[in-house]
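Here's the structure, in structure tokens; my notes come after.
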Amino acid sequence: KRMIYHYFGSKEGLYIAVLEAAYLGIRKMEEALPLEDLRPLDAIQLLVEETWDYYVAHPDFIALVNQENLLGAIYLQKSGIVKRRTSVLLNRVTAILNKGVEQGKVRPGIDPLQLNHSIAGLGFYYLNNRFTNTQIYRYDHMTSEALATRRSFIVDFVMRAIMSTEEIALRER
């Protein structure tokens with residue numbers, strides 16, 4: 001107990017450190033992605049896939065984010081580092097979307113914040129509610145087949161939402 005106070009100052013300080021570590025884990029994963037080296041649509045697809053894979057591999061992240069939301073984000077408000085690192089992702093996504101629009105591959109006017117919310121939400125809801133939805137729908141949401149099906153659906157959903165009509169038509173030929 002004394003070590004908690006020595007290193008973190010309080011239980012609250014420990015919780016904030018855990019929260020920051022959880023958020024920084026996903027930010028580090030995102031930052032390691034070679035998004036700028038890829039064509040815009042490939043970059044967004046990779047981001048979608050890796051975000052899903054991260055969520056599946058880190059159920060503790062989902063639980064912690066859910067808990068912090070139940071608490072009204074009172075501890076996240078005390079962390080500046082999470083906000084700064086998230087803005088890096090949004091800047092990268094903005095540049096990728098702009099490049100895609102210039103190339104005629106991405107439809108104009110996509111808000112990178114809304115895109116990020118959509119990518120996160122499509123995976124987060126499924127995994128956060130897997131227990132209740134398994135009971136309601138009598139479908140095991142966590143089999144490897146179910147997870148692969150959901151991953152594929154999310155990728156297709158997001159990609160169709162951002163592609164230009166010309167790109168969609170080209171791919172459907």
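The structure presented is a predicted model; accordingly, all values stated were derived computationally and were not measured. Positions are given from 1, in the same order as the sequence printed here.
Atom CD of Glu145 has 12 or fewer heavy atoms from other residues, nucleotides or ligands within 6.0 Å. Other residues, nucleotides and ligands contribute at most 12 non-hydrogen atoms within 6.0 Å of the CZ atom of Phe157.
Of all heavy-atom pairs between Pro59 and Arg130, the closest is CB-NH2, 4.3 Å. Contact record, Leu38 with Lys99: O-NZ, 4.2 Å, taken as the closest heavy-atom pair. Nearest heavy atoms, Gln103 versus Pro40: OE1-CD, 3.4 Å. The minimum heavy-atom distance between Tyr55 and Gly123, with the atom names listed, is CD1-C, 4.0 Å. Residues Glu36 and Leu33 come closest through the heavy atom pair OE1-O, 4.4 Å. The minimum heavy-atom distance between Pro34 and Leu46, with the atom names listed, is CD-CD2, 4.0 Å.
Side-chain N or O atoms of Glu68 include one that pairs as donor or acceptor with a backbone N or O of Ile74 at under 3.5 Å.
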Quiz prompt | Derivation and outcome, side chain to side chain contact (heavy atoms under 4.5 Å, CB included), residues Tyr54 and Glu30 | solution = CA-CA 10 Å; Tyr54 188 89; Glu30 294 161 348; over 6 Å; no
Self-check item: Derivation of the side chain to side chain contact (heavy atoms under 4.5 Å, CB included) call for Met142 and Leu127
Solution: CA-CA 8 Å; Met142 297 306 287; Leu127 294 167; 3.9 Å; yes
Quiz item: Between Glu20 and Tyr75, does a side chain to side chain donor-acceptor pair (under 3.5 Å) hold up when you go through it step by step?
Solution: CA-CA 10 Å; Glu20 287 175 342; Tyr75 297 104; over 6 Å; no
Exercise. Output, in order, the C-alpha distance, side-chain angles, deciding distance and verdict of side chain to side chain contact (heavy atoms under 4.5 Å, CB included) for Tyr23 and Leu64.
Key: CA-CA 9 Å; Tyr23 272 96; Leu64 195 58; over 6 Å; no
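Between Leu147 and Arg150, the closest side-chain pair of non-hydrogen atoms is not below 4.5 Å. Considering only heavy atoms from C-beta on, Val158 comes within 4.5 Å of Leu122 through its side chain. The closest side-chain heavy-atom distance from Phe124 to Asn66 is below 4.5 Å. Counting heavy atoms from C-beta outward, Tyr126 and Arg151 have side chains that stay 4.5 Å or more apart. You'll find the side chain of Ile96 stays beyond 4.5 Å of the side chain of Pro112, heavy atoms only.
Linking Ile, Leu, Val, Met, Phe, Trp and Tyr residues whenever their side-chain heavy atoms come within less than 4.5 Å leaves Val65 and Tyr125 in two separate clusters. Note: the hydrophobic cluster containing Phe131 does not contain Tyr139 (ILVMFWY, side chain heavy atoms under 4.5 Å, direct or indirect links). Tracing side-chain contacts under 4.5 Å through hydrophobic residues (I, L, V, M, F, W, Y), one never reaches Val88 starting from Leu113; they form parts of separate clusters. Follow the hydrophobic side-chain contacts under 4.5 Å out from Leu90 and you never reach Leu97; the two are in separate clusters. Cluster annotation: Leu41 and Leu170 are assigned to distinct hydrophobic clusters (Ile/Leu/Val/Met/Phe/Trp/Tyr, side-chain heavy-atom contacts under 4.5 Å, transitive).
Here the straight-line distance linking atom CG of Asp53 with atom CD of Glu50 works out to 5.0 Å at 0.5 Å rounding. Going from atom CD1 of Ile110 over to atom OG1 of Thr94 covers 11.0 Å, rounded to the nearest 0.5 Å. Rounding to the nearest 0.5 angstrom, the gap separating the CE atom in Met163 from the CZ atom in Arg107 is 11.0 Å. Note that CD of Glu167 and CZ of Arg160 are 11.0 Å apart. Values are rounded to the nearest 0.5 Å. Here the straight-line distance linking atom CG of Leu35 with atom CD of Gln45 works out to 12.0 Å at 0.5 Å rounding. Expressed to the nearest 0.5 Å, how far CZ of Arg27 lies from CG of Leu89 amounts to 6.0 Å.
For Trp52 and Phe153, the ring centers sit 6.0 Å or farther from each other.
Test Thr132, Thr149, Asn129, Thr134 against His141 for side-chain hydrogen bond (donor to acceptor under 3.5 Å, both in side chains) and you get one pass: Thr134. Among Val48, Ile44, Leu47, the one residue that satisfies the side chain to side chain contact (heavy atoms under 4.5 Å, CB included) test with Leu115 is Ile44.
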